[in-house]
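Proteins come first, then strands; the chains are lettered A, B, ... in the order of their sequence lines, and each starts at number 1.
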Amino acid sequence: MNLLISLRAELLKTKRTPALYFTGLAALLIPLVFFIDVCTDGMEKENSLDPLNAFFREGAKGMGVFILPLFVILLCTLLAQIEYRNNTWKQLFASPQTGMQVYSAKFLNMQLLLLLFLLLYNGLMLLALAALRVTVPVLELGKYRLDWGSLLHINLNLYASVLAISSIQFWISIRFRNFVVSAGVGIVLWLAACFILLELHFTYANLYPYTLPVMSVFERYQPKLSSIQLTSVAYAVVFLLLGCLDFSRRSIR
Amino acid sequence: MNEIPAIRTTALGYKYSKGNHTINNINLLVPEASIYGFLGPNGSGKTTTLSLLLGMLPLQQGRIEVFGLDFHPNRISILRQVGSLIETPSLYGHLTALENLEVYRQVYGVAKDRLAEVLKIVDLEEAGKKTVGRFSLGMKQRLAIALALLPKPRLLILDEPTNGLDPNGIIELRKLLRKLNKGYGMTILVSSHLLSEVEKMVTHVGIINSGEMLFQGTLQELQQVQKRQHKLQLQTSDNELAYKLLRHYHPERNRENLLVTYNCSDEIASINQLLMVNGLRVYLLRPQENNLEQSFIQLTSSQL
């Protein structure tokens, strides 16, 4: 009950913030790029047999590699900045809430925005498909059926694989006042993940949290998918607990 | 008056880093239903003490009791009865005044009607739907006070609440605090670096400097200290003889004059008579009355 009350307060604080606007804008990116790409260059041949589901599969690659990790890094930074920019930590610490309650509520708020982002992304992808059906009738998109089960699987996979990053970035963002530090550290760690996968082909890459969303969307890592998701969830739990403990011991000057 | 004080600290100490204490051996005693002025120059340790009282800093040394309860094991239940404003207003600029209050309404478990009530108390009922980013500093300060009043607190802790208020705002705030104290029996702990700002409303005073308590007591007790510090400036035909004659009045040499301590106007007449009787010609006899502010400055500056 107490957690729900704190969560409600966090949700209200998110109103009219850059974090909320950014969630909408980031969700628009891939559907818009796909729409423009298909409008100008048409559908790639290998995708033309099952264009609807291919659309979502290709989208998931863009999400896993670029959009989702970067979105989570920036979202965590923007959410923590709500308190830092308004200088409101004092009031929060002087209110009758435990540190663990405040931290958990903030984390849940971030997770809800992450889910909203995925929901918006899927909605906008569907909208882009509907628009393509009208603007590029030659694709005959109306003939094909969308595999809703596969779509759900793609989304659950994306969400589970980014949980580790969300937990780590959330802790870093709450820990450091300067947003450049949290965003910068996150981007460097994400670039390192790309380097590990593309250049080093490191055997234990699946133990590095920032590689997990990237690995989760590529064919060659599909046999390891369960392990990737479990690793991500385990990291998320560990860093959430560490963050909670650290936050509870925090003092405000 | 209730025998259990609203706040009692015992040998409270805190240091931010290894080395010097920011505050040391602070024994604060804030009686229930009092208005306690916590005074000290900037950097004297007021905010650190208040932050400890609100659990914003970990307890390193000493003990804090609020409403007779040990603070740390009872932090949540105590904070439900405490309203606070520490230094600058803690408000969300992108939210309206009402939304800012709503953020904490459920946390404190108060009814929705209370939002309009507290906005009315601080005279901001017309600005409820305006985003706080567009507020003046004075309006923000008033909204922060409204936020502190939201839980109908038994204890109100205000750190430099007059910052950013114009003279009218300061007078209004004084009236409001007196009303809350008299009307609702609310205990108010208000810090300031200016005695003149709070002396018209406080019942008790604590003076802190360089992290040490220099004085604590009622306003009347501070006035006694002040009276003890009244000085009479004297110049006579033989200051050395006058110095000897006035030994009882603890004279001090001050260039060509003497300074003696006196308690009332009658003593000035007695001093003059004593000098005259002993054949001294009195060229200067000027009382230097300290007001409370000067007493406060003397108390705090003597420690620097």
So do [Y] and [X] actually touch side chain to side chain, heavy atoms under 4.5 Å?
| X | Y | result |
| --- | --- | --- |
| Ile82(A) | Tyr92(B) | yes |
| Asn87(A) | Ser90(B) | no |
| Thr88(B) | Lys90(A) | yes |

Problem - Backbone of Gln97(A) reached by a side-chain donor or acceptor of Arg75(B) within 3.5 Å - result: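 It does hold such a pair.
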Exercise for the section: Find the one option among Glu10(A), Lys15(A), Lys13(A) whose heavy-atom pairs under 4.5 Å with chain B are most numerous. Expected result: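 Ranked by contacts with chain B, first place is Lys13(A).
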Problem - Basic-acidic side-chain contact under 4.0 Å: Glu99(B), Arg16(A) - result: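 Looking at Arg16(A) together with Glu99(B), the answer is yes, because their closest N to O distance falls below 4.0 Å.
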Problem - Salt bridge present between Arg8(A) and Glu102(B) (N-O < 4.0 angstrom) - result: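 Here Arg8(A) pairs with Glu102(B) in a salt bridge, since their nearest N and O are under 4.0 Å apart.
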Practice task
Evaluate side-chain contact (heavy atoms from CB on, under 4.5 Å) for Leu91(B) paired with Asn86(A), printing each intermediate quantity in order.
Solution key: CA-CA 6 Å; Leu91(B) 301 163; Asn86(A) 292 299; over 6 Å; no
State the [atom1]-[atom2] distance between [X] and [Y], to the nearest 0.5 angstrom.
| X | Y | atom1 | atom2 | value |
| --- | --- | --- | --- | --- |
| Leu150(B) | Ser95(A) | CG | OG | 11.5 Å |
| Gln106(B) | Leu4(A) | CD | CG | 9.5 Å |
| Leu12(A) | Leu95(B) | CG | CG | 5.5 Å |

Check each atom of [X] against the heavy atoms of chain A and say whether the ones under 4.5 Å are side chain, backbone, both or neither.
| X | answer |
| --- | --- |
| Arg80(B) | both |
| Thr22(B) | neither |
| Leu147(B) | side chain |

More than 12 heavy atoms from other groups under 6.0 Å of [atom1] on [X]:
| X | atom1 | answer |
| --- | --- | --- |
| Phe179(A) | CZ | no |
| Arg114(B) | CZ | yes |
| Tyr208(A) | OH | yes |

Problem - Distance-only donor-acceptor check, side chains Gln91(A) and Tyr104(B), under 3.5 Å - result: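 On atom types as modelled, these side chains do not qualify, holding no pair under 3.5 Å.
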Exercise for the section: Identify the residues of residues 134-146 of chain B whose heavy atoms come closer than 4.5 Å to a heavy atom of chain A, ordered by number, or report 'none'. Expected result: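 Against chain A, none of the residues of residues 134-146 of chain B fall inside the cut-off of heavy atoms under 4.5 Å.
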Exercise for the section: Please name the pair of heavy atoms, one in Ala94(A) and one in Tyr108(B), separated by the smallest distance, quoted to 0.1 Å. Expected result: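 That would be O-OH, 3.9 Å.
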Practice task
Heavy atoms only, distances under 4.5 angstrom: which of Val107(B), Asn100(B), Thr131(B), Ile86(B) has the most pairs with chain A? Name it, please.
Solution key: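 Among the listed options, the one with the most contacts to chain A is Val107(B).
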Exercise for the section: Residue by residue, scan residues 103-123 of chain A and write down, ordered by number, those that have a heavy-atom distance under 4.5 Å to chain B; if none do, write 'none'. Expected result: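 Checking residues 103-123 of chain A against chain B gives no residue, so none.
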